[in-house]
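Here is the structure we will look at.
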Amino acid sequence: MDPRSLLNEQQLDAVTVTGGATLVLAGPGSGKTRVLTHRIAYLIDQMGIPPYRILAVTFTNKAANEMKKRLESMVPERAQSVWLGTFHSICVKILRREARYLPVDSNFTIYDVDDQAALIKNILKDLNLNDKLYRPGAIQETISRAKNEMIMPKQYNIRTSRDAKIQEIYERYQANLRACNAMDFDDLLLSALSLLYENDDVREKYAARFEHVLVDEFQDTNQIQYELVRLLSSVHKNLFVVGDEDQSIYRWRGADYRNVLRFEEDYGNFNKVLLEQNYRSTQKVLDLARSIIDQNHHRTPKALFTERGSGSLIRFYNAEDDRDEADYVVRTIQSEIRKGTSPASFAIMYRMNSQSRMLEEAFMKAGIPYRLVGAQRFYGRREVKDVIAFLRLVYNPKDEVSIRRVINVPPRKIGDKSVEKLAEVARLTESSLGDVLQELGVLGSQSEIWGALDRSAAPIHQFARLMVGWLEIKDKVSLPDLFDRILLDVEYQEYLQDGSEEEVIDRWGNVQELRRQAFEFEELGLTALLENLALVSDQDTIAEKLDSPTLLTLHAAKGLEFDRVFIIGLDDGVLPHNRSFEDEEEMAEERRLFYVGITRARDQLYLVRAERRSMFGSYEIQFPSRFFKDVPDELVQMDSPQRSSTQRGYDRWERGSYRNGSGRSRRNQEDLFFESWDEKVTTTHTWKSANTNRENRVGNTGHAAILPQQSDAPQREKKTEPTYRAGMKVKHPSFGEGMILNVRLEGDGEETLDIFFSELKQQKKLAASFVKLEILH
DNA sequence: AGTAGGCCACTTTTT
DNA sequence: GTGGCCTACT
């Protein structure tokens, strides 16, 4: 293999650079993966580095698998010995090996968000906390954030009484994880890091082993991951990182692209290589990408260039509504396919998974098969989780979350009361739910616990015996046999029979898919299967070969490329998402997300938006994405019929006529609207009729193109001066007379009023633009 | 203990 | 619009 013939000058520099730390700043499509794989091959083949002394870390399994595949073709056999995987999988590998240093056993279970939520719910029940006030999901996120910042329960900063409660939950949560012999996603990284921090010999062992450490997508590392690679490369100091700050889209997950700057500080005389030649896109695509990303500050400007030629114009379609948007996409693809374009060359990208629905319907109607990445969440399906829970409790009988999940599946007359009783016994005997069940399974009515169980004793005993049976055979029979035995024992197939026919087929099909995986992992065993199930997301399990258009989120699109890319939902509030409106950094990230989407396209890019969009079952008027403001006119060709360029969505943005009508403020108004309505006034009815009216209006006029400017819809009219003052007396059509207590002028020009209504004897918060208030004096 | 019917939150993005 | 979850009934 001669790397010289396959690489450009910059790439070759990166591949062959020696001596310490190297930072490669790689623009999109600049051959980043090629550089990484070639470098690994080069180290093995030319530098004589033993493959097992190389560690390469990626963010997604997809990336890891891709690299594995390429490496395999370059240095056959030897490629397998390279430590190559995601941060999480590498950490698991280390943790299982070094379990003697850990508070868990080597067969620990990995808990996903659902498991975490289940655990938190149990704790909330124990603490008698209202799960409306303490939402398990929110607490889970809070704990996760703390862990990402390396804050342990004891260090948790308490400022409010709620913080105190959260700290208590956090503390119990960690204790329960330990008791369940389990780790959550964050623990995998955090425990690995503290293992290396606290045990010099362990750190030495790994750091001495890894002569070369390579990191992909370095801009997406968080603090913990940064520390991990720093420690793992601390002996040989051959750290090679590849990244692009413009493609950093995981800030919300703790990613900190400033790690690039930290790198520059921590490794004084490092090598820096810029990869600027783009091999993917046409110049038009790159021009657009550049005009979008150049609006972001604090970045290393890159001069991306291509030799692929100018290419065709970016096409823009301003859809009437989200159905029209989906129809446009499908229509366009259909006509291209008829012209001979391969269906697989298309990708449709969107901000939120929920946006795929309309597309799926349109594709189905057109009879075009499609490939959906993520979303559907195979692993989130009830039957899949059930079966995995059975396998997990066999693998790790301390796994209380899994036991609780399936102890009464299929229903065998074991209710909450009985489970709590068992859990109480476990607590008193300082054992686990699994231990208690095992004792019951073995001793039956001889067990001391038996007496306490009354009616549920028999069914519990039955389940316990099954469990003991599985534990006995788990090391003796093959994985598929164990799998079948469990399903037969609990009569799972029969259990799935109720429900509609398609549903049954669907569910059982999912179980069969798991069974197929059990066969696939027959050699590697239960540990590997469960690990794969925990760490490999749906994103990675999509059939590669399918010759169909791909539907995926912008996040999922990173690292991929397609001939023809649609980016849909370019509305303010969708992309950029309205949760980013308040925070400049988050807005910059939305822009990067858009940039990532644009740069996935090789030849043709389509930008699509919709003037109305159904959300939560009702229609909402949308305004064009503010990013349109940075799209140069000369790059765009209009695809919308009956539309002149002045009707192009973003002109309205320029006019500023709806700046106040950003998605965020509209959402707020809606919330306020709901809040302001008393239950007696049948909220939904009022709201629905408002929608129907709006719909009718659109229906009557036929085309959105000849609609009056949506932004001028009367109920959206914005004020720049407060109309109301505290102390004013007003009359509300439903609430009657009231006194204004407080007026707040939001940043977006919206007035929020606190009004005390004397008839209702109630204070209400109202959005001024939403209600017709008569000023009395 | 199981179930039906009503209520509600849901829609960022992922290992 | 819908699925998950709680409550109240059987």
Which protein N or O atoms sit under 3.5 Å from an N or O of nucleotides 1-5 of chain B?
residue : atom : partner   : partner atom : Å
dA1(B)  : OP1  : Gly415(A) : N            : 3.3
dA1(B)  : OP1  : Ser418(A) : OG           : 3.2
dG2(B)  : OP1  : Lys413(A) : N            : 2.9
dG2(B)  : OP2  : Asn408(A) : ND2          : 3.1

Give the rounded distance in Å between these two atoms: CD1 of Ile249(A) and P of dT15(B). 11 Å

Heavy-atom nearest pair, Gly569(A) first then Glu325(A), reads N-OE2, 2.9 Å

Would you call the rings of Phe627(A) and Phe594(A) parallel, tilted or perpendicular if under 30° counts as parallel and over 60° as perpendicular? parallel

Between Ala389(A) and Arg405(A) the two heavy atoms that sit nearest each other are CB-CD, 3.8 Å

Provide, to the nearest angstrom, the distance between the CZ atom belonging to Arg405(A) and the C1' atom belonging to dG4(C). 12 Å

Given atom NE2 of His555(A) and atom P of dT13(B), what is their separation to the nearest angstrom? 9 Å

Would Trp252(A) count as stacking on dT13(B) if stacking means ring centres less than 5.5 angstrom apart and planes tilted under 30 degrees? yes

Separation of atom CG in Asn222(A) from atom P in dT14(B), rounded to whole Å: 17 Å

May I have the distance from Ile143(A) (atom CD1) to dT15(B) (atom P), rounded to whole angstrom? 21 Å

Rounded to whole angstrom units, what separation is found between the CZ atom of Arg381(A) and the P atom of dG3(C)? 10 Å

Centroid-to-centroid, Tyr492(A) to Tyr495(A), below 6.0 Å? yes

Using only side-chain N and O atoms of Asn353(A), determine if any of them is under 4.0 Å from OP1 or OP2 of dT13(B). yes

Arg97(A): partners by side-chain contact (heavy atoms from CB on, under 4.5 Å), with sequence neighbours left out: Trp83(A), Tyr206(A), Arg209(A)

Could you state the CD-C1' distance from Gln140(A) to dT15(B), rounded to the nearest angstrom? 12 Å

Under a 3.5 Å cutoff, is there a donor and acceptor pairing between the side chains of Asn296(A) and Asp246(A)? no

Can you tell me if the side-chain N/O atoms of Arg135(A) get under 4.0 Å from OP1 or OP2 in dC10(B)? yes

Assess Arg258(A) against Tyr226(A): is NZ or CZ under 6.0 Å from the centre of the six-membered ring, and within 45 degrees of the ring's axis? no

Is it the case that Lys413(A) and Gln462(A) place a side-chain donor and acceptor less than 3.5 Å from each other? no

Is any side-chain N or O of Thr553(A) closer than 4.0 Å to OP1 or OP2 of dT14(B)? yes

Nucleotides 6-10 of chain C: which of its N/O atoms have a protein N/O under 3.5 Å away?
residue : atom : partner   : partner atom : Å
dC6(C)  : OP1  : Asp131(A) : OD2          : 3.4

Closest contact, heavy atoms only, Asp322(A) versus Ala610(A): N-CB, 3.7 Å

